[in-house]
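The figures that follow rest on heavy atoms only: side chains count, while hydrogens, waters and symmetry mates do not. For clarity, every value in this text was computed on a predicted model and none was experimentally measured.
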Amino acid sequence: MKRTDYISWDQYFMGIAMMSAERSKDPSTQVGACIVDKNNRILSMGYNGMPAGCDDDTMPWGKSGAPLDNKYFYVCHAELNSILNYRGGNLKDAIIYSTLFPCNECAKAIIQCGIKEVVYMSDKYAMTESTIASKKMFDMAGVAYRPFEAKGRKITLNL
Ligand SMILES: Nc1ccn([C@H]2C[C@H](O)[C@@H](COP(=O)(O)O)O2)c(=O)n1
Ligand SMILES: [Zn+2]
């Protein structure tokens, strides 16, 4: 008889997004994303980090101070990185799993590349204008979004 406690597709893809977030150097918020097609094939992954060639040992990781001296002008978000990391044809009708709800800038990229669904884990910035704008654009553009429903399944990895 087959094993019954295998993880669902949602758990599999959000798990990969969570694992991707572990690569982030951001000391405050680590975000991961995983893009899949409608046949449950993984297309791409990403996490938040400094742009390629921008030394993450010398770039700022703080949240405050002058705009040029904190991380926000520089960090490339997990969702955008996952889109840019894709090496195939196009992302039409794909699904993006993200550990954090996409910001307005990533929402624009998600819409423009044809992704049709967003599955998110945290919506901790739901009250910000950025997230409100994301939802407004997703609603208008017909991009569905739904929270990941954690089932409390624990997996320990001894890496
Ligand atoms: N949807 C998002 C939102 C944020 N990020 C990145 C950008 C920063 O590295 C970090 C947020 O920093 P915080 O203000 O929480 O200290 O997360 C992302 O990748 N995707
Ligand atoms: Zn973003």
Side-chain angles (χ1 to χ4, degrees), residues 5-52 56 61 63-64 67 70-155 157:
D5 65 342
Y6 56 90
I7 57 173
S8 67
W9 288 117
D10 268 8
Q11 289 171 318
Y12 182 35
F13 300 136
M14 191 57 83
I16 287 167
M18 291 166 75
M19 180 65 85
S20 302
E22 292 297 319
R23 281 281 308 153
S24 175
K25 319 279 180 18
D26 191 317
S28 311
T29 303
Q30 302 81 42
V31 187
C34 174
I35 303 177
V36 304
D37 72 11
K38 54 182 180 234
N39 298 311
N40 293 316
R41 293 193 181 98
I42 295 169
L43 301 175
S44 190
M45 286 164 265
Y47 57 89
N48 55 323
M50 293 298 168
D56 53 27
W61 286 109
K63 295 157 70 109
S64 56
N70 68 55
K71 64 183 173 182
Y72 293 108
F73 273 177
Y74 308 111
V75 174
C76 194
H77 288 192
E79 302 93 318
L80 184 60
N81 269 336
S82 67
I83 290 169
L84 297 174
N85 285 340
Y86 180 52
R87 287 290 170 270
N90 67 67
L91 294 170
K92 193 174 173 313
D93 296 331
I95 304 172
I96 186 167
Y97 288 76
S98 182
T99 61
L100 184 57
F101 200 94
C103 76
N104 63 301
E105 293 298 331
C106 290
K108 288 185 261 184
I110 287 168
I111 292 165
Q112 294 299 72
C113 73
I115 290 175
K116 276 289 164 280
E117 187 175 1
V118 176
V119 185
Y120 60 95
M121 176 116 80
S122 165
D123 197 8
K124 71 173 182 171
Y125 293 127
M127 294 306 149
T128 64
E129 290 180 332
S130 170
T131 302
I132 293 166
S134 296
K135 289 175 182 170
K136 178 176 177 170
M137 290 188 281
F138 286 154
D139 290 341
M140 293 181 85
V143 175
Y145 48 93
R146 63 179 167 89
F148 172 71
E149 289 177 23
K151 302 278 195 299
R153 170 70 187 268
K154 299 246 184 302
I155 295 175
L157 300 175

Requested in this report: Specify whether Tyr145 and Tyr120 have parallel, tilted or perpendicular ring planes, treating 30° as the upper limit for parallel and 60° as the lower limit for perpendicular.
Outcome: tilted

Requested in this report: For Ala126 and Thr131, work out which heavy atoms get closest and say how close.
Outcome: CA-CG2, 3.8 Å

Query raised in the report: Rounded to the nearest 0.5 Å, how far does OH of Tyr72 lie from NZ of Lys63?
Result: 4.0 Å

Query raised in the report: In this structure, which one of Ile96, Ile16, Leu43, Ile95 forms a side chain to side chain contact (heavy atoms under 4.5 Å, CB included) with Val36?
Result: Ile95

Requested in this report: Work out which heavy atom in Trp61 is nearest to a heavy atom in Gly49; give both atom names and the distance.
Outcome: CH2-CA, 4.3 Å

Query raised in the report: How about Asn70 and Ser64: does a side-chain donor come under 3.5 Å of a side-chain acceptor?
Result: no

Query raised in the report: CE of Met18: more than 12 outside heavy atoms within 6.0 angstrom?
Result: no

Query raised in the report: Is Asn104 close to Met137 at the side-chain level, that is, under 4.5 Å between some pair of heavy atoms?
Result: yes

Requested in this report: Output the distance between atom CD1 (Ile115) and atom CZ (Phe138), rounded to the nearest 0.5 Å.
Outcome: 8.5 Å

Query raised in the report: If you look at every heavy atom in Ser20 and Gly32, which pair is closest and at what distance?
Result: CB-CA, 4.2 Å

Report task. Step by step, work out the side-chain contact (heavy atoms from CB on, under 4.5 Å) result for Glu117 and Arg146. Result -> CA-CA 8 Å; Glu117 187 175 1; Arg146 63 179 167 89; 2.6 Å; yes

Query raised in the report: Is there side-chain contact between Leu100 and Asn48, with heavy atoms separated by less than 4.5 Å?
Result: no

Query raised in the report: At what distance, to the nearest 0.5 angstrom, does CG of Asn40 lie from CH2 of Trp9?
Result: 4.5 Å

Report task. Verify side-chain contact (heavy atoms from CB on, under 4.5 Å) between Gln11 and Arg153, making sure each step is shown before the conclusion. Result -> CA-CA 9 Å; Gln11 289 171 318; Arg153 170 70 187 268; 3.8 Å; yes

Query raised in the report: Between Arg41 (side chain) and Lys38 (backbone), is there a donor-acceptor pair under 3.5 Å?
Result: no

Query raised in the report: Any donor-acceptor pair under 3.5 Å linking the side chain of Ser24 with the backbone of Ala21?
Result: no

**Report entry** Nearest heavy-atom neighbours spanning Ser82 and Gly46
**Finding:** CB-N, 3.6 Å

Report task. Output the distance between atom OH (Tyr97) and atom OH (Tyr12), rounded to the nearest 0.5 Å. Result -> 11.5 Å

Query raised in the report: Given side chains that start at C-beta, do those of Ser44 and Ile83 come closer than 4.5 Å, heavy atoms only?
Result: no

Query raised in the report: Will you find, in the side chains of Thr29 and Lys124, an N or O donor that is under 3.5 Å from an N or O acceptor?
Result: yes

Query - Derivation of the side-chain contact (heavy atoms from CB on, under 4.5 Å) call for Met14 and Val119 - result: CA-CA 8 Å; Met14 191 57 83; Val119 185; 4.2 Å; yes

Query raised in the report: So do Lys71 and Ser28 actually touch side chain to side chain, heavy atoms under 4.5 Å?
Result: yes

Query raised in the report: Has the side chain of Ser134 got a donor or acceptor atom that lies under 3.5 Å from a matching backbone atom of Cys103?
Result: yes

Report summary line: Output for pair (Tyr47 OH, Cys76 SG), nearest 0.5 Å, gives 11.0 Å

Query raised in the report: Which heavy-atom pair separates Ala107 from Pro102 by the least distance, and what is that distance?
Result: N-CB, 4.4 Å

Report task. Mark yes when over 12 heavy atoms from residues, nucleotides or ligands other than Met19 sit less than 6.0 Å from its CE; otherwise mark no. Result -> no

Requested in this report: Heavy atoms only: give me the nearest Asn85-Met45 pair and the separation to one decimal.
Outcome: ND2-O, 2.8 Å

Report summary line: When rounded to the nearest 0.5 Å, the distance separating NZ of Lys135 from CG of Asp123 is 3.5 Å

Query raised in the report: Is the number of heavy atoms from other residues, nucleotides or ligands within 6.0 Å of OH (Tyr86) greater than 12?
Result: yes

